[in-house]
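Only one structure is covered here, and it is reproduced in the block below.
Sequential numbering from 1 along the given sequence is applied to the chain's residues.
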Amino acid sequence: MEKIKVLIVDDSAVIRQLVKEILESDPGIEVVGVASDPIFAEKKLEKLKPDVITLDVEMPRMDGISFLKKLMKTNPVPVVMVSAHTDHHAAETIRALELGAVDFITKPKMNIAEGIEALREEIVTKVKAAARAKIRNKNTARPSDGEIHLAVSPAYSVDEVVSKGRIRAAEPKDKMDSVIVLGASTGGTVAISDLLQLMPVDSPGIVIVQHMPEKFTKAYADRINGIVDLTVKEAEDGDRVKMGLVLIAPGGKHMLLQRDKKGFYVQIKDGPPVNRHKPSVDVLFRSAANSVGKRAIGIILTGMGADGAKGMLELKEAGAFNIAQDEDSCVVFGMPKAAIEIGAVDKVAPIETMPALILGHAAGYRKPA
């Protein structure tokens, strides 16, 4: 098997060297070059022909966003952004994902050497996933169905955050409307945006887990709020689930759906990463199975790994209607594939046909006359 060829573009010599050492420690990856800015990188592209580029957001002479725009027009290559953990860089990174970057890594806030080493698993995983990803506006060979095998840290069970409750098989007495629960990872920022732009302003309440760190979820929610008809916000503890409102789980916290006499609301809580993620889709889906039952509509979109698959099966056992994004429209087919394989999915569909499926099964939604 050929090694994944990587070009590292970063103005920090320390970051370039540390990332290079981490990537080259994996036998399946070869760093074919490094560049201190996009001008140097551009000169190396034709000769090196990398499979993946890691790209800093802020650099001299040309910033990463400008280079990414140019790259996606002239020579699309899977890109993993490397971003500082600030509000400004969070907004820029969200823009990069919209422009076609596959994923991103956040630089440590302090003690660069130790911080980067702690990200070893994440860096290797995301570069390998990017090499298999489908890039928009590029006719690439389809990735194989083989899984990426990595040495990973122990994954905590969803039981550590939320216990499995008794399945609500009966029709809720209060006749509350449906709740849409959605999970996504790699490629999900764009997929979620595409879906929300197709949803009517009076859609049932939507609760989302997108794998993303703190600060970035706020920037993402603000960005999406400006381009869709729905109201989108980063969720806060106690937020009520309402028609036309989209709640996005805050990075670094889990989000659960709860129920009281007034209806549904979200609980934001700490806890260990589940499936190595916080927020975790499995946590949200299990809580929805417990509290919403057959009124839930589960959606799982593009992403690597299997977070959400088991939770989606619990949703189905509780009577929910579940939809998975189809392989052709996924950047990475990992999460939908995992849910489909265990029998947790009712329908497999591209983004553009999902609204009709969702609204057709939404209790309490009044279709236009």
[X] side-chain N/O to [Y] backbone N/O, donor-acceptor pair under 3.5 Å:
X	Y	result
H361	L357	yes
S291	R259	no
S287	L257	yes
Q258	V266	no
K218	K215	no
D260	G263	yes
H211	G251	no
K20	V31	no

Applying the 4.5 Å side-chain criterion to the ILVMFWY set and letting contacts propagate, would [X] and [Y] be lumped into a single cluster?
X	Y	value
V348	I342	no
V14	F40	no
I4	I123	yes
V19	V82	no
V246	Y265	no

Rounded to the nearest 0.5 Å, what separates atom [atom1] in [X] from atom [atom2] in [Y]?
X	Y	atom1	atom2	answer
K43	I39	NZ	CD1	7.5 Å
K242	F264	NZ	CZ	15.0 Å
I94	L97	CD1	CG	5.5 Å
L315	K294	CG	NZ	14.0 Å
I15	S36	CD1	OG	14.0 Å

Practice problem: Begin with the C-alpha distance, continue with both residues' side-chain angles, and end with the deciding distance and a verdict on salt bridge (charged side-chain N to carboxylate O under 4.0 Å, His left out) for E214 and K253. | Solution: CA-CA 8 Å; E214 57 181 327; K253 301 286 185 182; over 6 Å; no
Below 4.0 angstrom, N of the basic side chain to O of the carboxylate: do [X] and [Y] qualify?
X	Y	result
K310	D282	no
D56	R16	no
D239	K233	yes
R295	D177	no
R223	E98	yes
K5	E2	no
E42	K70	yes
R95	E92	no
K107	D10	yes

Side-chain contact, heavy-atom cut-off 4.5 Å: [X] with [Y]?
X	Y	value
I297	P204	no
M255	Q267	no
V6	I53	no
I299	N322	no
I351	L301	yes
H89	M81	no
L256	V283	yes
I105	L119	yes

Testing the basics here: between [X] and [Y], what is the closest heavy-atom pair and its distance to 0.1 Å?
X	Y	result
L48	G33	CD1-CA, 4.0 Å
I340	F333	CD1-CZ, 3.9 Å
V232	N225	N-OD1, 2.9 Å
D51	K3	OD2-O, 3.8 Å
A130	P78	O-CB, 3.2 Å
V9	P38	CG1-N, 4.0 Å

Exercise. I would like to know whether T186 and D103 meet side-chain hydrogen bond (donor to acceptor under 3.5 Å, both in side chains); could you show each step before the answer?
Key: CA-CA 6 Å; T186 309; D103 212 330; 3.2 Å; yes
Taking atom types as modelled, is there a side-chain donor on [X] or [Y] under 3.5 Å from an acceptor on the other?
X	Y	answer
D307	S280	yes
Q325	S329	yes
E234	T217	yes
R120	S25	yes

Quiz item: Which residue, T93, I248, T106, T189, forms the side-chain contact (heavy atoms from CB on, under 4.5 Å) with M212?
Solution: T189
Practice problem: Would you mind telling me which of T302, N275, V281 makes a side-chain contact (heavy atoms from CB on, under 4.5 Å) with M335? | Solution: V281
Practice problem: Under the side-chain contact (heavy atoms from CB on, under 4.5 Å) rule, what do M199 and V228 come out as? Steps first, then yes or no, please. | Solution: CA-CA 8 Å; M199 297 295 289; V228 304; over 6 Å; no
Quiz item: Yes or no on side-chain contact (heavy atoms from CB on, under 4.5 Å) for I116 and I22, after CA distance, side-chain angles and deciding distance?
Solution: CA-CA 9 Å; I116 288 290; I22 285 172; 3.3 Å; yes
Practice problem: Using the test side-chain hydrogen bond (donor to acceptor under 3.5 Å, both in side chains), find all partners of D87 that sit at least two apart in sequence or belong to another chain. | Solution: none
Exercise. Could you pull out all residues at least two apart from S66 that satisfy side-chain hydrogen bond (donor to acceptor under 3.5 Å, both in side chains)?
Key: D63
Practice problem: Report, as yes or no, whether the 6.0 Å neighbourhood of atom NZ on K44 holds more than 12 heavy atoms from other residues, nucleotides or ligands. | Solution: yes
Quiz item: Within a reach of under 6.0 Å around NZ of K73, are more than 12 heavy atoms found that belong to other residues, nucleotides or ligands?
Solution: no
Quiz item: Does K126 make a cation-pi contact with F104, if we ask for NZ or CZ under 6.0 Å from the ring centre and within 45° of the axis?
Solution: yes
